[in-house]
Amino acid sequence: INTAGFNSAASYGTGLHVYRDKLNVTQATNINASGYGAGGIRVDGVDNTVTIPRGVTVAANGSYGTGLLVSYGKGNVINLNGVVEATGPQGIGAHFGISEYTNSYRWESVSLAGDNSDDRYFFTKMNSDLYGALVDSFNIAGSLTGSSAAIRINAYTHVKAINFMQGATITGDILSEWNPSFTYTPVNYGTAINVGVSDAAGTPDPAFTMRYDGTIYGPASFNLHVVGGTFSYNGTYSGLTAAVQAGATLKGNATYLLYVD
């Protein structure tokens, strides 16, 4: 449990940086990173679980702020039960991003892999760290806001599942550039958007209710599943599939654009 708060207007400041593997971190107090390009929480590592509990706000409301950034690793789980917001110009609520050759870890490792034992170790570890989805599940039961995007997924970044749970409120678009073919990954390595679940395993929640009015854009990766309860969607969805399970209700005024995988 991290009981240290953060309140700073410094440019590029970061409230909490999780820079290890296999940690289970709960951010127990508010973070306010209001400077230019600042971030609330950043995660670099493998098999970490980060929880923002109810009653806690992680804010990065300066220009180009990012509420939550997961930028390196695999197998991470994010539980959002409180508030994450980036309301300033070009703000991103939750950003999941590993680029290809511009990533400093990869560039250094590819350049130096054979030079000495330390470099060979780093290269081997990096390959292991990146062999899998950056995020296994992003579980949203709280409030997520981004002026530019509520959720942004980079082209070389795999997020297995985004789960909408009771209490979820999302303001801003959900955008993904992820395309499995970019990384020679099987096409079925998409991103599931599971609406109306009570846990990361996908158990239907018949009491779930939510309205969402933003754009959902992931033509090469998104698979929308309305699993339980009632989901009112009023926007444009671009993805591979969209399905409503028995017992769940999808309503609203939306456009659905489905692409062949």
Side-chain angles (χ1 to χ4, degrees), residues 68 70 74-80 92-98 130-141 144 146 149-166 168-170 172-206 208-261:
L68 167 73
V70 185
K74 68 178 179 183
N76 295 291
V77 173
I78 308 296
N79 300 312
L80 172 54
I92 300 175
H95 189 182
F96 305 110
I98 295 176
L130 300 180
Y131 191 74
L134 176 69
V135 173
D136 278 352
S137 62
F138 182 28
N139 306 309
I140 306 172
L144 178 65
I151 300 173
R152 180 177 293 278
I153 302 172
N154 281 14
Y156 294 93
T157 304
H158 184 204
V159 174
K160 281 186 182 179
I162 302 169
N163 297 313
F164 294 177
M165 300 177 176
Q166 186 68 282
T169 302
I170 299 176
D173 297 334
I174 300 171
L175 309 174
S176 176
E177 299 174 351
W178 164 247
N179 187 330
S181 65
F182 290 169
T183 52
Y184 309 103
T185 305
V187 173
N188 63 353
Y189 275 45
T191 298
I193 300 177
N194 300 314
V195 180
V197 296
S198 60
D199 53 39
T203 304
D205 180 1
F208 173 87
T209 59
M210 178 182 174
R211 176 180 175 127
Y212 175 60
D213 295 341
T215 295
I216 303 175
Y217 182 83
S221 59
F222 279 160
N223 295 288
L224 177 64
H225 308 282
V226 182
V227 178
T230 300
F231 181 45
S232 175
Y233 180 48
N234 305 276
T236 298
Y237 169 80
S238 301
L240 295 174
T241 64
V244 182
Q245 292 190 13
T249 300
L250 173 63
K251 64 180 185 179
N253 183 14
T255 300
Y256 294 86
L257 305 174
L258 304 182
Y259 295 77
V260 177
D261 60 10

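What you see is a predicted model; the values in this text were computed from it and never measured.
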Asp136: which residues meet the salt bridge (Lys or Arg N to Asp or Glu O under 4.0 Å) condition with it, sequence neighbours left out?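 Expected list: Lys160.
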
Just wondering, are more than 12 heavy atoms of other shown residues or ligands nearer than 6.0 Å to OH in Tyr217?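 At most 12 heavy atoms, drawn from other residues, nucleotides or ligands, come within 6.0 Å of this atom.
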
Would you mind listing every salt bridge (Lys or Arg N to Asp or Glu O under 4.0 Å) that reaches into [range], with sequence neighbours excluded?
range	result
residues 225-241	none
residues 230-249	none
residues 208-223	Arg211-Asp213

Under the side chain to side chain donor-acceptor pair (under 3.5 Å) rule, collect the residues that match up with [X], sequence neighbours excluded.
X	value
Thr191	none
Thr209	none
Thr236	none

Checking Asn76 side chain against Leu134 main chain: does a donor-acceptor pair fall under 3.5 Å? yes

For His158 and Gly190, indicate whether the former's side chain and the latter's backbone hold a donor-acceptor pair under 3.5 Å. yes

From [atom1] ([X]) to [atom2] ([Y]), nearest 0.5 Å:
X	Y	atom1	atom2	result
Phe138	Ile153	CZ	CD1	9.5 Å
Phe222	Tyr237	CZ	OH	7.5 Å
Leu144	Ile92	CG	CD1	11.0 Å
Ile216	Ile174	CD1	CD1	4.5 Å
Leu224	Ser238	CG	OG	11.5 Å

Identify the residue among Asn139, Ile140, Val135 that makes a side-chain contact (heavy atoms from CB on, under 4.5 Å) with Ser137. Asn139

Result of checking Leu68, Ile151, Asn154 against His95 for side-chain contact (heavy atoms from CB on, under 4.5 Å):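 Only one option passes, and that is Asn154.
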
What residues, two or more places apart in sequence or in another chain, satisfy ring pair (Phe, Tyr, Trp, His ring centres under 6.0 Å) together with Phe208?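 Expected list: none.
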
List for me each residue that meets ring pair (Phe, Tyr, Trp, His ring centres under 6.0 Å) alongside Tyr212, sequence neighbours excluded, and say none if there are none. Tyr233

If you look only at distance, which donor and acceptor atoms sit under 3.5 Å apart when one is on a side chain in residues 242-257 and the other is two or more places apart or in another chain?
none

Check whether any side-chain heavy atom of Ile170 sits under 4.5 Å from a side-chain heavy atom of Met210, and report yes or no. yes

Check side chain to side chain contact (heavy atoms under 4.5 Å, CB included) between Pro204 and all other residues, then give those that pass, not counting sequence neighbours.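 With sequence neighbours excluded, Pro204 shows a side chain to side chain contact (heavy atoms under 4.5 Å, CB included) to Val227, given in chain and number order.
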
If you compare all heavy atoms of Ala141 against all heavy atoms of Gln166, which two are closest, and at what distance to 0.1 Å? CB-O, 3.5 Å

Quick one: which residue pairs count as a side-chain hydrogen bond (donor to acceptor under 3.5 Å, both in side chains) with a foot in residues 192-201, not counting sequence neighbours?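 Every pair satisfying side-chain hydrogen bond (donor to acceptor under 3.5 Å, both in side chains) with a residue in residues 192-201: Asn163-Asn194, Asp199-Thr203.
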
